[in-house]
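First comes the structure, then the notes that go with it.
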Amino acid sequence: MELYKENQLKVYNSLSKTKEEFKPLTDGYVGMYVCGPTVYSNAHLGNVRTFMFFDVVYRYLLHLGYKVRYVRNITDAGHLENDADEGEDRIAKKARLEEIEPMEVVQRYTVDFHDVLKNYNFLPPSIEPTATGHILEQIEMIKEIIEKGFGYEVNGSVYFDVLAYNKENHYGILSGRKVEDLIHNTRTLDGQSDKKNPQDFALWKKADERHIMRWPSPWSDGFPGWHLECSVMSTKYLGEQFDIHGGGMDLKFPHHECEIAQSKTCSGKNPVSYWMHTNMLLLNSQKMAKSTGNFILPNEILSGKNNILPKAFSASVVRFFNMQANYRSILDFSGDALEASEKGHTKLMEAVQLLANVKSGKTSTFDVLAWKKDCYAAMNDDFNTPILIAHLFDAVKVINLIKEDKASLTAEDLLLFTTVLYNFIFDVLGLMNENSQDNSEKINGVVALLIKLRKQARDNKDWALSDQIRDELIALGIQLKDGKDGTTFSLN
RNA sequence: GGUGUCUUGGCCGAGCGGUUAGGCAAUGGUUUGCAAAACCAUGUACAGCGGUUCAAAUCCGCUAGACACCUCCA
């Protein structure tokens, strides 16, 4: 039997602002769409926090036995700078600055993005569509919106008529806004707009002569508005209605609001059952953002080449750090916090390694079934990874007690225990045991030899020599650990 | 100005009406030739004020502070 049948997942829905029982539209199948990056620069750690959380959502859904179609787009056109209607296409701007082709920018940062995802052990989504690959579909959708009376053309550009939509619908339903309030509080923009009212957003923008990213359309040579691509691609690959739509909190308004308006205009239905939003990652108590320069790049953490952290950290530690906080909470990034996570991560992984050599006993002193239930309960409760990790440390304690002969598990329990632990650490959380991968055969052999020599010295009470071996190894980053059953080591 | 979220022990961070979250650090102990590492045990909290309740970190109100969105943003 599939695990999802015995695990009732609860999901916090941003739309209802409550935790709801998760019921897919089609039993056993889940459609999930997550707003991906705009590839006009490197994805920073704040961006990655969102993708990392949904990676865990994806992993857990798969673990539960759901068949998941996970769509995460790449925005490679149509994402405008400043005001969505007066600004300049982000990709095109970067290309002009760097004097390269727009698609060269797209390629460079897409490759970088994928490099980061690989380093951080992400599962690839089922489909990773691009905006430029769906210009035709976007034009079709604009036509449909115009036909239904919610889009209008002015000077070659097409806008969505928010006030018309709001008569029968609630524009602002997701972000808790009212159109009337928006009208009062919208800042006056300097550029003259073709729009009927400032809340309207662009579906298609006419490109001026210098604009290099452009496509022909019934209205003008131009490019699609940013909000459109997600409506188009989610509908195309997941249908008019699908289960989960994810993204960062900052996309709630206006991006997701616009998506709802566009999709609902075309299909007449609410497109998404569960809206999930991740909270922001802070650096120096401020939101990480490309525009302010307040950010750190994921690969800079791995290399240690940055001005923020005292040293390099592994991808798995960064994952662990992220998962120790709830995705709906603001998380403050700092070197101290990462270092604390690193130690906890090491403790966890060392216990996992110990587990491989643990022998079963006649009785079980630990209730493995109850523990397993707790682990699932944590994840079933809106993907509560911090609670899951707390339970994983219960397991660490048990493993260490077994090592000290103060606890035991029967063969059957030990197998279950190991399976569940591995499932959650590696399959669901996507952590990696880098330590074991780093130890090459040769290093293992050499250190084993030194341990042997040191043991001989110690047996002869030649403390000077044994301490020399120990101290010089530690200087090289190799930590010897004297235990009851001999000496082991770990690399720092 | 509008809207929303948040303020937990030395630090990070769960909990969201009654039971020890967890990690890091600290203290004591076990272990060790001495150490390191490891393990075991332990403490200090819920921004302030007021209210509801048998019971509040948890619900309500006010005050102070922080952050976010309202304009591109994961």
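Computed from a predicted structure; not experimentally measured. Residue numbering restarts at 1 for every chain, and letters A, B, ... go by the order of the sequence lines.
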Taking the six-membered ring for Trp, are Tyr376(A) and Phe424(A) closer than 6.0 Å centroid to centroid?
yes

Would you say the rings of His44(A) and Phe333(A) are close, in the sense that their centroids are separated by under 6.0 Å?
no

Between C24(B) and C40(B), how far is it from one P atom to the other, in whole Å?
11 Å

Given atom CZ of Phe253(A) and atom C1' of U5(B), what is their separation to the nearest angstrom?
17 Å

Mapping Gly176(A) and Ala340(A) to their closest nucleotides on RNA chain B, which lands nearer the 5' end?
Gly176(A)

Least distance between heavy atoms, Val34(A) atom then Phe54(A) atom
CG2-CG, 3.6 Å

For Thr488(A), report the nucleic acid contact type (base, sugar-phosphate, nothing); a contact means any heavy atom under 4.0 Å.
nothing

Going by the angle between their ring planes, with limits at 30° and 60°, are His277(A) and His256(A) parallel, tilted or perpendicular?
tilted

Can you figure out which of A36(B), G33(B), A74(B) approaches the side chain of His44(A) most closely?
A74(B)

Any side-chain heavy-atom pair from Tyr58(A) and Pro125(A) closer than 4.5 angstrom?
no

In whole angstrom, what separates Tyr327(A)'s OH from G13(B)'s C1'?
17 Å

In whole Å, I'd like the distance from the NZ atom of Lys343(A) to the C1' atom of G23(B).
11 Å

Can you check the Lys178(A) NZ to C69(B) C1' distance for me, whole Å?
17 Å

Considering all heavy atoms, the nearest Pro298(A)-Tyr120(A) contact:
O-OH, 2.7 Å

When the ring planes of His255(A) and His227(A) are compared, do they come out parallel, tilted or perpendicular, using 30° and 60° as the limits?
tilted

Taking the side chain as C-beta and beyond, is there a heavy-atom pair between Phe295(A) and Asn47(A) under 4.5 Å?
no

So is the aromatic ring of Phe393(A) stacked onto the base of G23(B), judging by whether the centres are under 5.5 Å apart and the planes are under 30° apart?
no

Remember a base hit wins even if backbone is also touched, and classify Gln286(A) as base, sugar-phosphate or nothing at under 4.0 Å, heavy atoms.
sugar-phosphate

Ser334(A) near the nucleic acid: base, sugar-phosphate alone, or nothing, with a heavy-atom cut-off under 4.0 Å?
nothing

Can you find a heavy atom in the side chain of Val447(A) that is under 4.5 Å from one in the side chain of Ile451(A)?
yes

Rounded distance in Å between the P positions of C12(B) and C69(B)
22 Å

Heavy-atom pair of closest approach, residues Ser329(A) and Asn279(A)
O-CB, 3.3 Å

Base-contact (B) and sugar-phosphate-only (S) positions in nucleotides 38-47 of chain B, heavy-atom cut-off under 4.0 Å, - elsewhere:
SSSS------

Sort out for me which residue in Thr130(A), Thr132(A), Thr75(A) forms a side-chain hydrogen bond (donor to acceptor under 3.5 Å, both in side chains) with Glu229(A).
Thr75(A)

Heavy-atom nearest nucleotide on RNA chain B for Ala289(A) versus Asp394(A): which residue maps closer to 5'?
Asp394(A)

What integer number of Å spans the P atoms of C46(B) and A57(B)?
8 Å

Please state the P separation for the pair G13(B) and G18(B) - nearest whole angstrom.
23 Å

Flag the pair Tyr159(A) / Lys205(A) as yes when at least one side-chain heavy-atom distance between them is below 4.5 Å, and no otherwise.
yes

Over how many whole Å does the gap from Arg177(A) atom CZ to U71(B) atom C1' extend?
11 Å

Expressed as a whole number of Å, how far does the C1' atom of C60(B) sit from that of G22(B)?
31 Å

Tell me, which of residues 378-392 of chain A have any heavy atom that sits under 4.0 Å from an atom in RNA chain B?
Asn384(A), Pro386(A), Ile387(A), Ala390(A)

Determine whether the aromatic ring centres of residues Tyr165(A) and Phe160(A) are separated by less than 6.0 angstrom.
yes

Between C24(B) (P) and Glu342(A) (CD): distance, integer Å:
12 Å

Indicate, yes or no, whether a donor-acceptor pair under 3.5 Å links the base of G4(B) to the side chain of Ser175(A).
no

Determine the Euclidean distance between corresponding P atoms of A25(B) and A68(B); express it in Å to zero decimal places.
31 Å

Could you state the CD-C1' distance from Gln324(A) to G23(B), rounded to the nearest angstrom?
5 Å

Any donor-acceptor N/O pair under 3.5 Å between G33(B) base and Asp467(A) side chain:
yes

Ignoring hydrogens and geometry beyond distance, is the side chain of Arg470(A) in donor-acceptor contact with the base of A36(B) at under 3.5 Å?
no

Starting from P on G23(B), measure out to CG on Leu431(A) and report it in whole angstrom.
16 Å

Checking all strands, does Leu348(A) fall into the base, sugar-phosphate, or nothing category for heavy-atom contacts under 4.0 angstrom?
nothing

NA contact type, Met249(A), heavy-atom cut-off 4.0 Å: base, sugar-phosphate, or nothing?
nothing

When rounded to the nearest Å, what value does the distance between C1' atoms of G51(B) and G43(B) take?
33 Å

If only side-chain N and O atoms of Lys17(A) are considered, is one of them under 4.0 Å from the OP1 or OP2 phosphate oxygen of U5(B)?
no

Which one, C72(B), C69(B), U32(B), comes nearest to the side chain of Ser291(A)?
C72(B)

What integer number of Å spans the P atoms of G61(B) and U52(B)?
15 Å

Identify whether any heavy atom of Asp336(A) sits under 4.0 Å from a base atom; if not, whether one sits that close to sugar-phosphate; answer base, sugar-phosphate or nothing.
nothing

Output field dot_bracket for RNA chain B (Watson-Crick or G-U, both distances under 3.5 Å, | for other-strand pairs) contains (((((((..(((.....[...))).(((((.......)))))....(((((..]....))))))))))))....

Quick one: do Thr18(A) and Asn13(A) satisfy side chain to side chain contact (heavy atoms under 4.5 Å, CB included)? Show the steps, please.
CA-CA 6 Å; Thr18(A) 53; Asn13(A) 190 346; 5.5 Å; no

